[in-house]
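What follows is a short report on a single structure.
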Number of protein chains: 2
Amino acid sequence: MKKQEELFLEFLARKRLKNTSQRMIILKAFLRQNSHLSTEDFYLQLRKKHPGIGYATVHRTLKLFAECGIAAEHNFGDGQMRFEVCHDNEHHDHLVCTGCGRIIEFENQQIEQLQLDVARTHKFFIKSHRLELYGLCSDCVATEQQ
Amino acid sequence: MKKQEELFLEFLARKRLKNTSQRMIILKAFLRQNSHLSTEDFYLQLRKKHPGIGYATVHRTLKLFAECGIAAEHNFGDGQMRFEVCHDNEHHDHLVCTGCGRIIEFENQQIEQLQLDVARTHKFFIKSHRLELYGLCSDCVATEQQ
DNA sequence: TCGATATTGAAAACGGATTTCAAAATACAG
DNA sequence: CTGTATTTTGAAATCCGTTTTCAATATCGA
Ligand SMILES: [Mn+2]
Ligand SMILES: [Mn+2]
Ligand SMILES: [Zn+2]
Ligand SMILES: [Zn+2]
């Protein structure tokens, strides 16, 4: 049994929620993939192996993952929620290619520090942040030049 | 006649769109206010003086403003689009208070530069970006401590 | 095992954004 | 000025992802 499964089971217990087969199936499927999938995409994928599981359950369970810290929820402006597995407490931000939809992850400690500085000067308490750079990935730039 | 009105008139001419009374009324009302208003809020405000103008027209016109660079469009995660007047080519990012909804603007050239650095290392061409820090403003922090 | 409680899946409801459409307004050539 | 092609308008309908409802089912502690 892995770290994140334990975390989720503890979360369920703490909140007096029940450990159901659907939740475990969804958790395993979610941990197995690593993209920034929309609820719909993930549901369609899952349905291939588990046709009995409903969209509503998938949606609710992804929300639980986000609440317990296993998943990070994103909105890259295409009108859909996206989820990704949250590894430990690692944080990263995203480059979003508007050409092909590719998502590139990056970490920049200097930016993170400067954000804290900004918050401090405004006496603002940061709970979360989002930094996304939108544009064209190297492939799309190359394609566009032709 | 001011700068932004000229810009919009040029934009309309360029796109072979018509200069209507509604568009001018909406433009003047939009330039007059300076918050980060949702379409709905702006429409309700406008309706007080101009009950004849429909929501659809307001929505469409705000989109035109965004397209021609007069307005900046934001999504602060509350499920509504928000618009603000874009002054010249000045850019800023936002602190969003999840307690009271207050929006604080900030500019940080170092962060902007580091974003360019990140993009360069990924050979990524930035078209736009969003940086939002979510949390509690100083007032809400103070309130919460009681 | 029993029963209180939580969960499930299908379908409905929700809510903001967008589109439809017929009537009205605009631009512009003549 | 017209006349006319084209665009715009406002109300209502539609879209579409998200969330809720609800009756049937599953979980789990006593
Ligand atoms: Mn990511
Ligand atoms: Mn602003
Ligand atoms: Zn790309
Ligand atoms: Zn506040």
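Letters A, B, ... mirror the listed sequences (proteins, then strands); counts begin at 1. Values below: every heavy atom of this structure, side chains too, minus hydrogens, waters and symmetry copies.
Aromatic rings of B:Phe83 and B:Phe65 (six-membered ring for Trp) have centroids beyond the 6.0 Å cut-off, not under it. Between B:His91 and B:His129, the ring center distance clears the sub-6.0 Å criterion.
Looking at every heavy atom in both residues, B:Phe8 comes nearest to B:Leu64 through CE1-CB, 4.1 Å.
For the pair B:Arg14 CZ and C:dA27 P, the computed distance is 17 Å after rounding to whole Å. With rounding to whole Å, A:Leu64 atom CG is found 11 Å from C:dT7 atom C1'. In this structure, CZ of B:Phe8 is placed 12 Å from C1' of D:dT8, rounded to the nearest angstrom. Across the protein-nucleic acid pair, B:Lys15 atom NZ and C:dA27 atom P stand 17 Å apart, rounded to whole Å. We find that CG of B:Leu12 is positioned 12 Å from P of C:dC28, with the value rounded to whole Å. Remark: C1' of D:dG10 and CD1 of B:Ile25 are 14 Å apart, rounded to the nearest angstrom. Atom CZ in B:Arg16 sits about 12 Å away from atom P in D:dT8, given to the nearest Å.
Counted within 6.0 Å of CD on B:Glu40, heavy atoms from surrounding residues, nucleotides or ligands total more than 12; the atom is thus considered enclosed. By the 6.0 Å contact criterion, CD on A:Glu105 is enclosed, its count of non-hydrogen atoms from other residues, nucleotides or ligands being greater than 12. A 6.0 Å sphere centred on NZ of B:Lys127 holds more than 12 heavy atoms belonging to other residues, nucleotides or ligands.
The structure places CG of A:Leu31 at 6.5 Å from CD1 of A:Ile70, a figure rounded to the nearest 0.5 Å.
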Check the interface with nucleotides 14-16 of chain D: list each N/O to N/O pair with the protein under 3.5 Å, or write none.
none

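Relative orientation of the A:His92 and A:His94 rings is perpendicular, given thresholds of 30° and 60° on the angle between their planes. Taking the six-membered ring where the residue is Trp, B:His74 and B:His36 present tilted rings, their angle falling between 30° and 60°. Between B:His59 and B:Tyr55, the two ring planes are parallel [angle under 30°; tilted spans 30° to 60°].
In this structure, A:Arg23 reaches the C:dT8 phosphate: one of its side-chain N or O atoms is under 4.0 Å from OP1 or OP2.
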What string of B, S and - do you get for nucleotides 17-30 of chain D, 5' to 3', if B is base contact, S is sugar-phosphate-only contact and - is no contact with any protein heavy atom under 4.0 Å?
SSBBB----BBS--
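Near-neighbour residues of DNA chain D inside residues 44-54 of chain B, defined by a heavy atom below 4.0 Å, number-ordered: B:Gly52, B:Ile53, B:Gly54.
Cluster membership check: B:Val85 shares its hydrophobic cluster with B:Val58, using side-chain heavy-atom separations under 4.5 Å among Ile, Leu, Val, Met, Phe, Trp and Tyr.
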